[in-house]
Amino acid sequence: MAAGVTARDEQKTGGILLALPAVLWLGLFFLLPLLIVLVFSFLTRSQGGQVSLPFTLAQYERVFDTFWVVMQRSINIALLTTVICLIAGYPLAYFIVRRRSNFGKQFALFLVILPFWTNFLVRTYAWRVLLGREGLINSTLINNGIITEPLELLGTEFAVLLGLVYGFLPFMVLPIYASLSRFDFRFIEAAQDLGANDVKAFLRVMLPMTLPGVVAGCMLVFIPAIGTFVTSDLLGGTQGLMIGNLIYSQYNRSGNLPLGAALSVVMMGVVMIALLIYARFGEAKE
Amino acid sequence: MNDIKVELIDVVKEFPIQRGETTRFRAVNNLNLDIYDGEFFALLGPSGCGKTTTLRLIAGFEQPSSGQILIDGKPMQGIPSFSRPVNTVFQDYALFPHMSVLQNVMFGLQMDKVPRKEAEGRAVEALEMVRLPNALNRKPKELSGGQQQRVALARAIVKRPKVLLLDEPLGALDLKLRREMQFELKSMQQELGITFIFVTHDQEEALTMANRIGVMHDGNLLQVGRPEEIYETPATRFVADFIGETNFIDGKLVSHTAHEGVVSIDDETTVTAMIGADQVANGQAVSVAVRPEKMTITAYSDTPPSTEHNIVHGQVAQVFYIGTDTRYAVRVGKSALVNVRVQNTAAHHTTFKERDTVTLSWERSVARILTH
Ligand SMILES: Nc1ncnc2c1ncn2[C@@H]1O[C@H](COP(=O)(O)OP(=O)(O)OP(=O)(O)O)[C@@H](O)[C@H]1O
Ligand SMILES: [Mg+2]
């Protein structure tokens, strides 16, 4: 008994020592700043971009009041991005997994991650070139006589959505691919043997068994999508303004740190809700 | 009782050309087979002979390249697997890991839109039948191999299929459990009256369980018959070799009638045996097949025990004492080693030594002339 206890104690202290660098790092650069943001969000703005007492809920009032439209738009766009990525990504992942040859699989995966070879900013700028008034899409349509006036593609929610789906699709495809490649397709045969048609076999067997990948993919798309500011800045204009842009401008332009902090806290709240859903469904209960 | 339940007519299954091969691979070749209502049919053959492929064709997971499959007289072409009146117990069970035992068994009933209450009742009943009534809410991975096997069985029989396909269902079990399950499966089949098509590569399992056995080799169905037919009168050398133990004495057919033939083994010795192969011709190279337990070993003697007996002479090469039996490996002619098994009764115990010259004799009727 005594020996066992000592051994376990040693294990414990050893564990703490090993974790120490990470604990310090996270404490210093994650927890502390988080705490500062939280405290700032309850403070008052003062001269020259500083913060001061008294504590107030005024910033939160503004968030849920003036800026709630933007918050809601962000949630909507992020949700829509996630749904579209899922609807496009699951079949794509399925297609890749079902390639017979290993080469086919590798090549298809390579194509999925190929965009990462170019900087995200550059790729988003490329969409500006495509979507602009004199952009490739408009000029092609006009040259072919399909339209006479250029379409307003840039500076819309649609453009933001397009950019986000384009940018985050691989984050949906890869975890679903991982789940599907571990999925044994003989379970589908077992389901069919018991009388399930294709739709039922998918809904009752394949989807539940690949749910961890689906939920992980949704998180990997939803969380960065709701906080995005590059895509919405470059493609969205004022119409596509998102919460990320708002926070960015509070810190960098208006110098209203308490408001920026309050917006950040609310956004983190939304992300936390998403993570709770993930914890509920994403952890494989196999 | 003798209605045909499943009928395979000239069924061929070819798989596409794989890397490194030049022709399409024929996994099942011209299969013709009738399986009767309520029978326990075993499909027996070595690994890779096409047993699983045949089951998958019947279940509808594969489509025949040519030929027809009928169930209850109805052509199955174009009928998807989920509409066929068959259920499968898969080789590795394929239990849904995200569902409980009860949910697994209920799944097939829910697909048929059986009301929930009734489905649950029938599922519980099926689980009682396979003697696993107390694990309803457990997940498959929390069960032992034998218990998983029972769930797979319950899941398949709960739908009361006309035909149950079983792909080596006992393959993963240890010997003792295997014996137990063999017995249970057999009695369950009799109780339910469902037609069982049971795939195995274990000849003993096939012999003990089946009403009839079909022996497959390289995609061909070599012989179909009752266990004792297959064992006593194998139609080919492969069947004789695969089922039980057999001695093959090679020789040349000298003369033959409709039932019997005379085979010369070497310059001095000829033996007479029943014709087992479909077609033979004088002068053809053939094998005489004799089971080890049907031979008698005696000291050298030139007179056969009766006119109905064959004799050959040989030299004892090895002696194995194995408790109940003694086995002699006897060199006959130039090359063939013949195994003889003798029971160690009070009257007989090891009496011959290595290099003794002995005479082997057997009745004509137990030896069969087979071609390759
Ligand atoms: N989808 C497929 N594509 C190509 N070849 C296949 C396919 N399925 C089976 N085969 C080949 O067909 C042959 C028969 O396979 P099958 O699985 O029917 O054998 P089996 O008798 O069930 O063997 P085992 O006892 O090992 O299970 C094998 O040589 C196998 O490689
Ligand atoms: Mg098999």
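Chain letters run A, B, ... following the sequence lines, proteins first, then strands; residues in each count from 1.
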Neighbour count above 12 (heavy atom, 6.0 Å) for Gln190(B) CD:
yes
Other residues, nucleotides, ligands: >12 heavy atoms within 6.0 Å of Phe158(A) CZ:
no
Do Arg186(A) and Asp92(B) make a side-chain contact, defined as non-hydrogen atoms from C-beta onward lying under 4.5 Å apart?
yes
Counting only heavy atoms not in Phe185(A) (residues, nucleotides, ligands), do more than 12 fall under 6.0 Å from its CZ?
yes
Phe116(A) atom CZ, over 12 foreign heavy atoms within 6.0 Å
yes
Toward chain A, the part of Leu109(B) with a non-hydrogen atom under 4.5 Å
neither
Portion of Arg155(B) that has a non-hydrogen atom of chain A nearer than 4.5 angstrom
both
With a 4.5 Å limit on heavy-atom distance, are the side chains of Lys200(A) and Gln110(B) in contact?
no
Counting only non-hydrogen atoms closer than 4.5 Å, does Ser83(B) touch chain A with its backbone (N, CA, C, O), its side chain (CB onward), both, or neither?
neither
Does Phe107(A), at its CZ atom, have more than 12 non-hydrogen atoms belonging to other residues, nucleotides or ligands within less than 6.0 Å?
no
Can you say whether Ala201(A) sits under 4.5 Å from chain B via the side chain, the backbone, both, or neither, judging by heavy atoms?
neither
Check whether Asn87(B) reaches the backbone of Asp193(A) with its side chain - one donor and one acceptor, N or O, closer than 3.5 Å.
yes
How far does CE of Met209(A) sit from CZ of Phe96(B), to the nearest 0.5 angstrom?
8.5 Å
Return the minimal non-hydrogen interatomic distance between Arg204(A) and His98(B), and the atom names on each side.
O-NE2, 2.9 Å
